[in-house]
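FYI, the numbering just counts along the sequence from 1. From a predicted model like this one, the values you see are computed outputs, not experimental measurements.
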Amino acid sequence: MTALKNDRFLRALLRQPVDVTPVWMMRQAGRYLPEYRATRSKAGDFLSLCKNAELACEVTLQPLERFDLDAAILFSDILTIPDAMGLGLYFAEGEGPCFKKPVRTEKDVADLPVPDAARDLDYVMNAVRTIRGALGGRVPLIGFSGSPWTLATYMVEGGSSKDFRTIKKMLFGQPEVLHALLDKLALSVIDYLNQQIKAGAQAVQIFDTWGGVLSTPNYQAFSLQYMEKIVKGLIREHEGRTVPVILFTKNGGQWLELIAATGCDCAGLDWMTEIGPARARVGDKIALQGNMDPSALYGSAATIRAEVQRILNGFGKGNGHVFNLGHGIALDADPAHAKVFVDAVHELSAPFHA
């Protein structure tokens, strides 16, 4: 594989010295870019776009042509694993992802296969290989998966949910059934991410989007312990380099110490947790990623720069910060404002690494 020209993202995840703070954006390839909308239209629909390696590569690289980003992230979806389990994933207009066969009973869980990622999700690995080749060492490529708990919420609810009532009924009424489901999902995620690493992903992120809807004991029992199992099962050295692991629990700032103890290299922060106190809590155990409110991109250039400066001041001098939004970029964000954000991070962070 081609040597990396820009490895500051990987260095920052490992708390090594960098010249400026690296930056990327969750959902950086997406609907806020007109070129993405054109490619998706060419693909026909979202799932077809995910399953076409050349088009997935095209949209992965689109934001890098506009912005001086320090990483690319695989274009895919977190629900590829449940889809490979045969649940019939589809996207309903105005409703988001849905499953034709939700998982509701002990038999439903017992009947679920653990996918062979190399075979059943080969289109994802083809996309990873295609993107790595097209990047030519320009920046690292991030692979990803949903967390077992987050995947389970969609599988049990049958799609998106506002109150997670169905899965919480299972959690409190049939915890052993939910644990069996989460264990299958953890095994699936380990294989899935390891195959991404073998195909060329140089760092991986686990998206625990809905971990923050749980109480502390239930977060530990039904989300964190399975993410820790995944971290312990991942390939951590490949192509002569460490493969860093990022855990991102939305609305999980109260559990930073627990996250840091999993063996991950970095915790992603949303905007509800101040980065300065967060750094004081975890010390030099892990790096931190985040955490500007995506809505700040609706502000003026001066407002965006001021918010970037505030967060940089909060983290302070030293290593171990990857700048990102606190969640995905909004679909109606102005790409020009995203450029102001990315450029501001590089420009304003240099003194913090002198």
Does a sphere of radius 6.0 Å around NZ in Lys5 hold more than 12 heavy atoms from other residues, nucleotides or ligands, not counting ones at 6.0 Å or beyond? yes
Do any pairs count as a ring-ring contact (aromatic ring centres under 6.0 Å, His included) and have a residue in residues 87-118, sequence neighbours left out, and if so which ones? Phe46-Phe91
Considering only residues two or more places apart or on different chains, which pairs with a residue in residues 45-54 satisfy salt bridge (charged side-chain N to carboxylate O under 4.0 Å, His left out)? Lys51-Asp83
Just by distance, no angles: are the side chains of Asn6 and Asp70 close enough, under 3.5 Å, to form a donor-acceptor pair? yes
Greater than 12 external heavy atoms within 6.0 Å of Arg281's CZ: yes
Looking only at the side chains, is there a donor atom on one of Gln62 and Thr39 sitting less than 3.5 Å from an acceptor on the other? yes
Is it true that Trp24 and Gln289 share a donor-acceptor pair across their side chains at a distance under 3.5 Å? yes
Quick note, side chain to side chain donor-acceptor pair (under 3.5 Å) partners involving residues 117-127, not counting sequence neighbours, are Asn126-Arg129
If the condition is side-chain hydrogen bond (donor to acceptor under 3.5 Å, both in side chains), which residues does His337 pass it with, not counting sequence neighbours? none
Between Phe323 and Phe341, is the ring centroid distance below 6.0 Å? yes
Side chain to side chain contact (heavy atoms under 4.5 Å, CB included) partners of Ala203, counting only residues at least two apart: Phe9, Leu10, Leu13, Pro244
Once ring-ring contact (aromatic ring centres under 6.0 Å, His included) is applied, what residue pairs with a partner in residues 129-152 remain, sequence neighbours excluded? Phe144-Phe207
Can you confirm whether more than 12 heavy atoms, excluding those of Glu106, are under 6.0 Å from its CD atom? no
Residues, nucleotides or ligands: over 12 heavy atoms within 6.0 Å of Lys101 NZ: no
I'd like to know whether Arg8 forms a salt bridge (Lys or Arg N to Asp or Glu O under 4.0 Å) with Asp19, so could you lay out the CA-CA distance, the side-chain angles of the two residues, the decisive distance to 0.1 Å, and finally the verdict. CA-CA 8 Å; Arg8 62 168 72 105; Asp19 55 339; 2.9 Å; yes
Answer yes or no: does atom NZ of Lys169 have more than 12 heavy-atom neighbours from other residues, nucleotides or ligands under 6.0 Å? no
